[in-house]
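Beneath this line is the structure, given in structure tokens, with notes to follow.
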Amino acid sequence: MRRFKKSFFLRSADRVAKDILGSCLIRNFSSEERAIVKIVEVEAYMGVKDKGSHSYRGRVTERNKVMYMEGGLFYVYKIYGIYHCLNVVVNKRDIPQAVFIRAVEPLDGIEFLRKNRGFKESNSKNIKNLTDGPGKLTQALKIGLNFNASNVHAKELYISEDSRSKKGQIVATKRLNIDYAEECKDLPLRFYLKGSRFISAK
């Protein structure tokens, strides 16, 4: 599957967020095992002026330092000491922006995803619950801190390009669960594919 050009990730988070919807995230577990999921929901974090961003006011920590690198890397961090969150660093070096991947739709390798999530039943009714949230999708795809700062073109985990038009299919709303961000919490920087049943719960 064709990977994005480097230049795709060297743009602002709000632009990349909308354009990355519908593309595929490929996770190669081994030479014989892989899963493919479609990105259906994302959020853009706009950097030093965005009160919802880890890089607000130019903060640099051991956790967020990858955000200051040149776009085209994964940013993975842990929340609540349990769940991992997957982001894509975008824009040029020292413009610390990122796209947060909130939900994906399973396309291939669903049995691997079930196993990783601890699902015992093998039926279509519970597919939605496999990856309809940031913690769920990283568990299903076995994405941990080992992927932090890895290249989006790497073999084990990468994003493939989607050439189909998404005009009229993208919904923009405010981001979720960032009430601490004051006025920035209401910015329309959450984007998802209209009609998808795999978007995360509010």
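Of all heavy-atom pairs between Ile101 and Val42, the closest is CA-CG1, 4.3 Å. In terms of heavy-atom proximity, Phe100 sits nearest to Cys85 at CE1-CB, 3.7 Å. Of all heavy-atom pairs between Pro188 and Ala172, the closest is O-CB, 4.2 Å. Across all their heavy atoms, Ser55 and Gly47 have their closest contact at OG-CA, 3.4 Å. In plain terms, the two heavy atoms of Pro96 and Ser53 that are nearest each other are O-OG, 4.3 Å.
No side-chain donor-acceptor contact under 3.5 Å links Glu156 to the backbone of Arg27. Between the side chain of Asn116 and the main chain of Leu113, no donor-acceptor pair closer than 3.5 Å is present. Of the possible donor and acceptor atoms, one in the side chain of Asn64 sits under 3.5 Å from a partner among the backbone N and O of Arg59. At least one donor-acceptor pair closer than 3.5 Å links the side chain of Asn28 to the backbone N or O of Lys155. Checked by atom type and distance alone, the side chain of Arg117 pairs as donor or acceptor with a backbone atom of Asn129 at under 3.5 Å. In this structure, the side chain of Thr138 engages the main chain of Pro134 through a donor-acceptor pair within 3.5 Å. Side-chain N or O atoms of Asn87 include one that pairs as donor or acceptor with a backbone N or O of Tyr75 at under 3.5 Å. In this structure a side-chain-to-backbone donor-acceptor pair under 3.5 Å is missing from Asp132 to Phe198. The backbone N or O of Val76 lies less than 3.5 Å from a partner atom in the side chain of Asn148, making a donor-acceptor pair. Between the side chain of Gln97 and the backbone N or O of Ser12 there is no donor-acceptor pair closer than 3.5 Å.
Both Leu21 and Val90 are members of a single hydrophobic cluster when ILVMFWY side chains are connected at heavy-atom separations under 4.5 Å. The hydrophobic clustering, which links ILVMFWY residues whose side-chain heavy atoms are closer than 4.5 Å, places Ile79 and Met67 together. Taken together through direct or relayed side-chain contacts under 4.5 Å among Ile, Leu, Val, Met, Phe, Trp and Tyr, Val89 and Phe147 form parts of separate hydrophobic clusters. Linking Ile, Leu, Val, Met, Phe, Trp and Tyr whenever their side-chain heavy atoms come within less than 4.5 Å leaves Leu145 and Tyr83 in two separate clusters. Residue Leu73 is not grouped with residue Met46 when hydrophobic side chains (ILVMFWY) are merged at heavy-atom distances under 4.5 angstrom, including chains of intermediate members.
A cation-pi arrangement is found for Arg11 relative to Phe8, the charged atom lying closer than 6.0 Å to the ring centre and inside a 45° cone about the ring normal.
The 12-atom threshold is exceeded at NZ of Lys166, counting heavy atoms of other residues, nucleotides or ligands nearer than 6.0 Å. Surrounding NZ of Lys65 are at most 12 heavy atoms belonging to other residues, nucleotides or ligands under 6.0 Å away.
Looking only at atom types and distance, the side chain of Ser200 has a donor-acceptor partner in the side chain of Arg102 under 3.5 Å away. Defined by atom type and a distance below 3.5 Å, a donor-acceptor pair is missing between the side-chain atoms of Glu182 and Tyr180.
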#### Entry: CA sep, side-chain torsions, deciding dist, call: Leu86, Leu25, side-chain contact (heavy atoms from CB on, under 4.5 Å)
CA-CA 11 Å; Leu86 178 65; Leu25 189 64; 3.7 Å; yes
### Task
Apply the test side-chain contact (heavy atoms from CB on, under 4.5 Å) to residues Cys24 and Leu107: give CA-CA distance (whole Å), side-chain angles for both, the deciding distance (0.1 Å), then the verdict.
CA-CA 9 Å; Cys24 289; Leu107 298 178; 3.8 Å; yes
### Message
As a quick check of understanding, evaluate side-chain hydrogen bond (donor to acceptor under 3.5 Å, both in side chains) for Thr173 and Arg190, giving each step before the final call.
### Response
CA-CA 5 Å; Thr173 68; Arg190 173 182 172 238; 3.2 Å; yes
### Message
Please determine whether side-chain contact (heavy atoms from CB on, under 4.5 Å) holds for the pair Lys49 and Tyr56, giving the CA-CA distance in whole Å, both sets of side-chain angles, and the decisive distance to 0.1 Å.
### Response
CA-CA 6 Å; Lys49 294 184 179 181; Tyr56 175 55; 5.7 Å; no
### Task
Kindly indicate, with the supporting measurements, whether the criterion side-chain contact (heavy atoms from CB on, under 4.5 Å) is fulfilled by Leu130 and Phe119.
CA-CA 8 Å; Leu130 279 175; Phe119 283 30; 3.7 Å; yes
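Between Asp19 and Arg15, none of the side-chain N atoms (NZ, or NE/NH1/NH2) sits under 4.0 Å from a carboxylate O, so this pair counts as no salt bridge. Using a cutoff of 4.0 Å between basic side-chain nitrogens and carboxylate oxygens, Asp50 and Arg175 are scored as salt-bridged. A salt bridge links Glu70 with Lys6: the closest approach of a Lys/Arg side-chain nitrogen to an acidic carboxylate oxygen falls below 4.0 angstrom. We find that Lys174 and Asp186 are joined by a salt bridge, their nearest charged nitrogen and carboxylate oxygen being less than 4.0 Å apart.
With contacts defined as side-chain heavy-atom distances shorter than 4.5 Å, the pair Ile143/His84 does not qualify. Taking the side chain as every heavy atom from C-beta outward, Arg34 and Ile36 approach each other to under 4.5 Å. When side chains are defined from C-beta on, Val152 does not count as touching Phe4, because their heavy atoms never get closer than 4.5 Å. Side chains of Glu43 and Leu176 form a contact here, defined as non-hydrogen atoms less than 4.5 Å apart. In this structure, Ile127 and Arg114 have side chains that are in contact, with non-hydrogen atoms separated by less than 4.5 Å. Looking only at side-chain heavy atoms (C-beta outward), Tyr45 and Asp14 stay at 4.5 Å or farther from each other. Between Thr131 and Val104, some side-chain heavy-atom pair lies under the 4.5 Å cut-off. For the pair Ile159/Val88, a side-chain contact is recorded, criterion being any heavy-atom separation below 4.5 Å from C-beta on.
Taking the centre of each ring, His54 and Tyr77 come in below the 6.0 Å mark.
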